[in-house]
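To keep things clear, I will list the structure first and then write my remarks on it.
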Number of protein chains: 2
Amino acid sequence: MVKKAATVKAKVSIHDVAREAGVALSTVSNALSGKDNVKESTRKKVQEAADRLGYRVSFVARSLRMQRTFTLGVLLADVSNPSSPDFLRGVEDLADRESCSLLVCNTDGLLDKQIAHMRVLLDRRVDGLVLLSQYCDPPLVRELLNSGTPFVLLQRRSRQHVDDYVGADNHEGITAAIEHLVSFGHKRIGFIRGPTESTTADERLEAYRLAVERLKLDDDPTLVIQGNYQVDGGYRAGREFLSMDKRPTAILAANDMSAIGVMNAASEAGVSIPGDLSLIGLDDIELASYAPINLTTIALQRRDMGTAAATLLMDRIRKKRKKAKQVLFPMKLVVRGSTGPVPVKKKLK
Amino acid sequence: MVKKAATVKAKVSIHDVAREAGVALSTVSNALSGKDNVKESTRKKVQEAADRLGYRVSFVARSLRMQRTFTLGVLLADVSNPSSPDFLRGVEDLADRESCSLLVCNTDGLLDKQIAHMRVLLDRRVDGLVLLSQYCDPPLVRELLNSGTPFVLLQRRSRQHVDDYVGADNHEGITAAIEHLVSFGHKRIGFIRGPTESTTADERLEAYRLAVERLKLDDDPTLVIQGNYQVDGGYRAGREFLSMDKRPTAILAANDMSAIGVMNAASEAGVSIPGDLSLIGLDDIELASYAPINLTTIALQRRDMGTAAATLLMDRIRKKRKKAKQVLFPMKLVVRGSTGPVPVKKKLK
DNA sequence: TTGTATGCGTTATCAT
DNA sequence: ATGATAACGCATACAA
């Protein structure tokens with residue numbers, strides 16, 4: 001009596017398939033994994049037996065034997081941060097193509113958490129690690145990174161080492177943004193910088209400074225305010241800027257979230273954008289394009305960057321490359337409605 | 001000569017530690033995994049040897065042996081969707097506490113992709129599956145779900161089966177929102193529904209209908225327009241509503257993204273919110289609170305829901321419960337600036 | 001309290 | 001082309 005294909009009963013292993021098909025264990029393995037050293041008729045026989053039994057290979061056993069898990073670990077500060085998921089998707093795009101799965105860990109930007117997660121990932125014998133905007137220089141982190149598991153830095157460059165790295169050309173982006181503002185007549189441009197531990201934030205600030213110097217803009221130290229890449233930091237910075245005696249006519253925020261914070265502050269203060277104040281963000285997260293926000297921003301190709309990072313990583317895993325490689329993505333200014341000419345009226349005060 | 005703690009050399013296994021410490025293999029295992037059947041002095045000796053060698057347990061081997069991977073699979077349509085990451089974080093919160101890691105898969109809402117990912121997850125022998133707004137009734141999916149691996153549905157209920165499930169009280173939320181609008185004098189309320197395959201969307205629509213009936217509001221079939229939980233769908237629906245002869249004075253969108261779409265449409269049409277049109281979303285994603293958006297919405301406790309789902313799942317994994325359990329979270333109306341009184345002027349036309 | 005032996009489910013090596 | 005066998009690294013039942 002013919003039975004329907006079994007829907008995975010108990011625990012069926014390769015042994016059972018071998019018995020069912022009347023062949024040797026190794027033949028089953030070869031047949032199922034598409035090796036060419038098995039007769040077509042045998043392969044078919046094995047395949048049928050496997051289906052009949054509802055056999056599914058165990059990645060666990062395979063991983064142990066092959067010393068390869070087909071798993072990548074991704075460390076990020078917080079998936080809830082609107083820019084993170086796009087990077088993640090990019091990584092996944094490639095991982096999928098390479099039959100790898102992703103173990104995702106949030107560190108909340110905490111060093112301890114990152115280290116703990118790194119240990120787990122390493123204990124799980126991931127084939128590689130993607131560090132998305134995370135610590136990469138602290139000694140303990142470095143020690144873990146030196147354990148031999150390939151890794152790649154995404155949006156974060158080491159200050160002391162040369163690693164595989166994917167980032168964006170911050171200089172290019174910031175420069176384009178400032179030139180855009182200058183074309184509107186702005187000369188006094190505030191800058192909200194990112195967290196101090198971030199090399200990316202450093203680069204952006206540096207680019208701002210260079211542009212200010214080159215274009216002979218107001219070079220006033222109070223024009224740079226510390227933010228944290230978050231809305232609240234942008235909000236505080238925005239308030240501070242708006243309360244200044246000689247306040248800037250434009251603000252360049254180190255990322256879109258900070259810019260949103262400025263919007264909140266401006267709205268509260270009754271300052272209109274771009275009427276009274278021009279504003280530029282960086283990231284081009286989706287919400288920047290929504291009509292009520294309509295933020296001029298410097299776009300980052302996050303998904304592509306994620307894919308690029310995963311590509312570098314896979315090369316490493318396959319030992320296709322020995323020396324470190326850096327990939328820099330261009331940044332593109334996306335002009336929307338948050339930038340405009342310098343207000344004509346003289347400011348009060 | 002004392003050497004510094006080795007930073008993971010070659011491949012050191014439990015064997016090496018045993019040799020180094022001069023004890024048996026099993027003693028190392030017991031000592032390191034904190035069993036109570038090992039003398040304290042021995043444990044210390046073992047621990048030191050392990051540290052000296054830079055030994056780290058292999059989760060792969062352990063998983064094979066224990067038939068437990070301490071890994072949960074999460075299936076979601078798209079992490080880039082602003083509401084997804086919060087659920088994910090909630091799941092992770094609990095997973096962390098339970099020493100589990102998360103394998104995250106995006107399905108893009110495609111059945112084929114979901115099935116492919118489910119297979120991989122099962123082949124990887126995850127301890128459990130979290131289905132976040134995914135297909136759960138198609139025969140192939142059901143077959144996979146029946147394979148014995150515990151699972152939980154998040155924000156998605158089966159139409160045909162009784163499963164572990166965590167959702168929100170859509171009826172309560174929608175009702176509160178409509179009553180809020182009614183208190184402003186609205187009687188003609190448009191509704192943008194979610195995708196047809198979504199049971200959650202069904203519940204929301206049903207709740208809308210019940211409220212319309214109970215409160216004797218305009219009951220006009222054209223007042224319900226199909227959306228897709230995305231901005232573009234909301235935009236199209238918004239345009240349609242705004243072009244109607246007798247257009248609604250308020251719109252209730254099945255989620256925040258759809259509401260944003262309406263905002264885009266309204267902005268384009270020069271319709272002011274809430275002056276000419278009141279708008280309510282659902283989700284309370286972070287951006288709903290930003291000043292330029294300032295959306296009245298029905299809040300979902302996504303992170304807590306994620307944690308609750310993971311909790312149900314872990315119970316299942318530990319076989320602490322046999323019969324299916326449902327958890328319903330309350331929904332809370334968050335009144336912001338997108339709702340107001342019915343416009344006083346007679347509409348043109 | 002410690003040690004020995006076995007098996008978890010594969011793939012790879014080597015015969016046949 | 002196929003089959004037997006040995007790892008892979010660990011946890012556990014049982015023996016000492």
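Bear in mind the structure is a predicted one, so any value in this text is a computation, not a measurement. Chain A is the first sequence line, chain B the second, and so forth, proteins listed ahead of strands; every chain is numbered from 1.
- With sequence neighbours excluded, the residues forming a side-chain contact (heavy atoms from CB on, under 4.5 Å) with A:S84 are A:L76, A:N81, listed by chain and number.
- Summarising the geometry, the separation between CZ on B:F70 and C1' on D:dA11 is reported as 11 Å, rounded to the nearest angstrom.
- Partners of A:E40 according to the side-chain contact (heavy atoms from CB on, under 4.5 Å) rule, which considers only residues two or more places apart in sequence or in another chain, are A:R43.
- B:R68 places no side-chain N or O within 3.5 Å of a backbone atom of B:S63 that could act as its donor or acceptor partner.
- For B:R157 (side chain) and B:Y165 (main-chain N/O), no donor-acceptor pair under 3.5 Å exists by modelled atom type.
- With B:T71 contributing its side chain and B:T69 its backbone, the two residues share a donor-acceptor pair below 3.5 Å.
- The A:V23 side chain lies nearest to D:dG3 when the options are D:dC8, D:dC10, D:dG3.
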Check nucleotides 5-7 of chain D for protein N or O atoms closer than 3.5 Å to its own N or O atoms and list the pairs.
from  : atom 1 : to    : atom 2 : distance (Å)
D:dA7 : N3     : A:R65 : NH1    : 3.3

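- Look at B:S29 and you'll find a side-chain N or O under 4.0 angstrom from OP1 or OP2 of D:dA11.
- Residue order along DNA chain C, read from the 5' end via each residue's closest nucleotide, puts B:R43 first among B:A61 and B:R43.
- Considering only residues two or more places apart in sequence or on other chains, A:R62 meets the salt bridge (Lys or Arg N to Asp or Glu O under 4.0 Å) condition with none of them.
- Per the geometry, CG belonging to A:N30 stands 10 Å off C1' belonging to D:dG3, to the nearest Å.
- A search for side-chain contact (heavy atoms from CB on, under 4.5 Å) contacts involving A:T149 returns A:L122, A:V126, A:S147, not counting sequence neighbours.
- Electrostatic pairing of B:R156 and B:D137 does not count as a salt bridge here, judged by no charged N lying under 4.0 Å from a carboxylate O.
- Each salt bridge (Lys or Arg N to Asp or Glu O under 4.0 Å) pair with one or both residues in residues 112-124 of chain B, not counting sequence neighbours, appears once here: A:R56-B:D123, B:D108-B:K113.
- Summary of the strand contacts: A:T42 and B:H15 both lie near DNA chain D, and taking for each the nucleotide with the nearest heavy atom, the more 5' one is attributed to A:T42.
- Read 5' to 3', the first and last nucleotides of DNA chain C with an atom closer than 4.0 Å to a heavy atom of chain B are C:dT1 to C:dG9.
- Using a cut-off of 4.0 Å between Lys/Arg side-chain N and Asp/Glu carboxylate O, A:R89 and A:D304 are scored as not salt-bridged.
- Between the side chain of A:N30 and the backbone N or O of A:D36, no donor-acceptor pair lies under 3.5 Å.
- Taking atom CZ on A:R19 and atom C1' on D:dG3, their separation rounds to 16 Å, with Å as the unit.
- Distance B:R62 CZ to D:dG9 P: 15 Å, rounded to the nearest Å.
- Residues passing the side-chain contact (heavy atoms from CB on, under 4.5 Å) test with B:D16, sequence neighbours excluded: B:V12, B:S13, B:R19, B:L53.
- Residues B:A21 and B:A49 come closest through the heavy atom pair CB-CB, 3.7 Å.
- In this structure, B:M66 places its CE atom 15 Å from C1' of D:dA13, rounding to the nearest Å.
- Using a 4.0 Å cutoff on non-hydrogen atoms, the parts of residues 32-39 of chain A near DNA chain D are A:N37, A:V38, A:K39, ordered by number.
- A side-chain contact (heavy atoms from CB on, under 4.5 Å) with B:Q114 holds for exactly one of B:L140, B:L131, B:L144; it is B:L131.
- What separates CZ of A:R124 from P of D:dC10 is a distance of 15 Å, to the nearest Å.
- Residue pairs meeting the side chain to side chain donor-acceptor pair (under 3.5 Å) criterion with at least one member in residues 307-316 of chain A, sequence neighbours excluded, are A:D164-A:R316.
- Over its length, the helix from C:dT1-D:dA16 to C:dT16-D:dA1 turns its helix axis by 40°, as judged from the five terminal pairs at each end, rounded to 10°.
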Tabulate atom names and distances for all N/O pairs under 3.5 angstrom spanning the protein and nucleotides 14-16 of chain D.
none

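- By the 4.5 Å heavy-atom criterion applied to side chains, A:S29 and A:I14 are counted as neighbours.
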